Amino acid sequence: MKFVVIVFPGSNCDLDMFHAIKDELGEDVAYVWHDETNLDGFDAILLPGGFSYGDYLRSGAIARFSPIMKAVEEKAAAGVPILGVCNGFQVLLEAGLLPGAMRRNANLSFICKQTRLQITNRTSLFTNSYTETDTITIPVAHGEGNYYCDDDTLASLKANNQIVFTYEEDVNGSVANIAGIMNEQGNVLGMMPHPERAVDALLGSADGLKLFQSIVKHWREQHAITS
């Protein structure tokens with residue numbers, strides 16, 4: 001299985017994401033610069049955290065128009081797993097690949113700390129390696145992680161089981177304590193906490209590694225030789 005990490009001007013978690021996949025997960029991974037236009041040959045797409053284009057205008061608002069995003073949208077429609085973390089989540093929202101919008105944290109301050117998450121959907125391709133009893137510890141580091149959607153969208157997210165992670169406590173003012181959502185098709189996940197920073201006990205938690213293992217498990221099941 002081969003992962004790709006998309007790098008925008010201002011990305012700063014691309015190295016952490018690369019390390020998580022190559023050194024902790026043990027899978028193949030490559031970087032692709034934002035001005036490329038082709039993602040053929042990759043089995044999963046990762047949009048890392050950071051401050052793409054300096055977060056000018058609005059977080060993710062400029063990155064959403066990068067040449068590579070047309071290929072990301074095509075792969076999303078084709079069912080390829082796509083994970084956006086923090087700024088990557090904001091880019092997915094701006095691109096319309098996920099519903100809702102992101103606002104400044106309710107306390108108007110940058111938040112950087114470990115958080116406890118409930119896994120609201122345990123059957124997704126991103127969470128199938130977690131057990132029924134898991135609550136997990138994943139760090140956050142953001143100033144604009146206050147997820148917002150209107151009541152109709154929230155009802156739709158709940159009805160379609162698209163809310164994947166929620167905070168155990170109110171961290172940033174997000175609607176319904178939402179920490180991560182996926183699209184209705186189930187192959188695009190955006191989340192504010194950083195699983196790539198929780199892949200080894202030395203980092204304070206290894207709970208993020210199961211998210212990446214879930215993607216691999218799903219891919220192997222989809223590509224299993226049955227005859």
Side-chain angles (χ1 to χ4, degrees), residues 3-18 31-37 39 42 44-77 80-112 115 126 138-150 153-154 157 162-165 167 171-175 178-185 187-197 211:
F3 289 76
V4 58
V5 178
I6 308 296
V7 183
F8 300 99
S11 295
N12 64 16
C13 299
D14 44 330
L15 294 174
D16 293 339
M17 193 71 85
F18 192 97
Y31 293 116
V32 165
W33 188 233
H34 68 110
D35 61 357
E36 298 290 336
T37 58
L39 289 172
F42 295 109
I45 300 168
L46 307 172
L47 278 67
F51 301 91
S52 58
Y53 297 88
D55 276 353
Y56 290 117
L57 298 180
R58 193 173 56 248
S59 299
I62 299 178
R64 169 261 180 281
F65 293 103
S66 290
I68 196 62
M69 288 305 296
K70 185 174 186 299
V72 172
E73 292 169 7
E74 291 172 351
K75 294 300 181 183
V80 173
I82 297 173
L83 169 66
V85 173
C86 200
N87 192 232
F89 185 11
Q90 294 160 345
V91 174
L92 293 174
L93 292 170
E94 291 289 337
L97 291 174
L98 292 171
M102 203 64 72
R103 304 185 297 190
R104 294 279 308 276
N105 294 338
N107 64 3
L108 302 181
S109 298
F110 190 89
I111 298 169
C112 182
T115 58
F126 302 97
I138 305 285
V140 296
H142 58 246
E144 298 182 34
N146 181 357
Y147 176 78
Y148 173 79
C149 64
D150 59 29
T153 301
L154 180 60
L157 289 174
Q162 292 173 245
I163 301 172
V164 180
F165 298 111
Y167 301 107
V171 171
N172 48 31
S174 292
V175 167
I178 285 175
I181 60 169
M182 62 182 183
N183 63 344
E184 191 168 346
Q185 189 177 350
N187 66 303
V188 179
L189 171 67
M191 60 189 296
M192 289 311 297
H194 287 264
E196 80 281 6
R197 296 183 184 178
L211 187 151

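If you're wondering where the values come from, they're calculated on a predicted model, not measured in any experiment.
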Do you know which of T37, V32, L47 makes side chain to side chain contact (heavy atoms under 4.5 Å, CB included) with I68?
V32
Less than 3.5 Å apart, which donor and acceptor atoms pair up between the side chains of residues 83-93 and the rest of the protein, not counting sequence neighbours?
from, atom 1, to, atom 2, distance (Å)
N87, OD1, S52, N, 3.1
N87, OD1, S52, OG, 2.8
N87, ND2, D55, OD1, 3.4
N87, ND2, Q90, OE1, 2.8
Q90, NE2, E144, O, 2.8

Salt bridge (charged side-chain N to carboxylate O under 4.0 Å, His left out) filter on D14, not counting sequence neighbours, yields none
Just to verify, what does [X] make a side chain to side chain donor-acceptor pair (under 3.5 Å) with, not counting sequence neighbours?
{"X": "Y167", "value": "N172"}
{"X": "T115", "value": "none"}
{"X": "T153", "value": "D150"}
{"X": "Q185", "value": "none"}

Can you measure from [atom1] ([X]) to [atom2] ([Y]) and round to the nearest 0.5 angstrom?
{"X": "I62", "Y": "L57", "atom1": "CD1", "atom2": "CG", "answer": "4.5 Å"}
{"X": "R58", "Y": "Y53", "atom1": "CZ", "atom2": "OH", "answer": "15.0 Å"}
{"X": "D35", "Y": "F8", "atom1": "CG", "atom2": "CZ", "answer": "11.0 Å"}
{"X": "H142", "Y": "I111", "atom1": "NE2", "atom2": "CD1", "answer": "5.0 Å"}

Over all heavy atoms of both residues, which pair between [X] and [Y] is shortest? Give the atoms and the distance, please.
{"X": "V188", "Y": "A76", "value": "CG2-CB, 3.9 Å"}
{"X": "S59", "Y": "E94", "value": "O-CG, 3.5 Å"}
{"X": "A179", "Y": "P193", "value": "O-CD, 3.5 Å"}

Contacts of Y31 meeting ring-ring contact (aromatic ring centres under 6.0 Å, His included) (sequence neighbours excluded), chain-then-number -> F18
Would V140 and I138 count as a side chain to side chain contact (heavy atoms under 4.5 Å, CB included) if you check the C-alpha gap in whole Å, the side-chain angles of each, and the deciding distance to 0.1 Å?
CA-CA 7 Å; V140 296; I138 305 285; over 6 Å; no
Considering residues at least two apart in sequence or located in another chain, which fulfil the side chain to side chain contact (heavy atoms under 4.5 Å, CB included) criterion with [X]?
{"X": "E184", "answer": "N160, Q162"}
{"X": "L154", "answer": "C149, K158, I163, V175, A176, I178"}
{"X": "A95", "answer": "R64, M69, E73, L97"}
{"X": "D16", "answer": "E196, R197"}

In short, salt bridge (charged side-chain N to carboxylate O under 4.0 Å, His left out) pairs touching residues 98-109 with sequence neighbours left out are none
Answer yes or no: is there a donor N or O on one side and an acceptor on the other, between the side chain of N105 and the main chain of N107, under 3.5 Å?
no
Can you check side chain to side chain contact (heavy atoms under 4.5 Å, CB included) on F3 and V5, steps first, answer last?
CA-CA 7 Å; F3 289 76; V5 178; 5.9 Å; no
Apply side chain to side chain contact (heavy atoms under 4.5 Å, CB included) to Y147 and M102, showing your working.
CA-CA 5 Å; Y147 176 78; M102 203 64 72; 4.1 Å; yes
Counting only heavy atoms not in F110 (residues, nucleotides, ligands), do more than 12 fall under 6.0 Å from its CZ?
yes
Evaluate side chain to side chain contact (heavy atoms under 4.5 Å, CB included) for N183 paired with I82, printing each intermediate quantity in order.
CA-CA 10 Å; N183 63 344; I82 297 173; over 6 Å; no
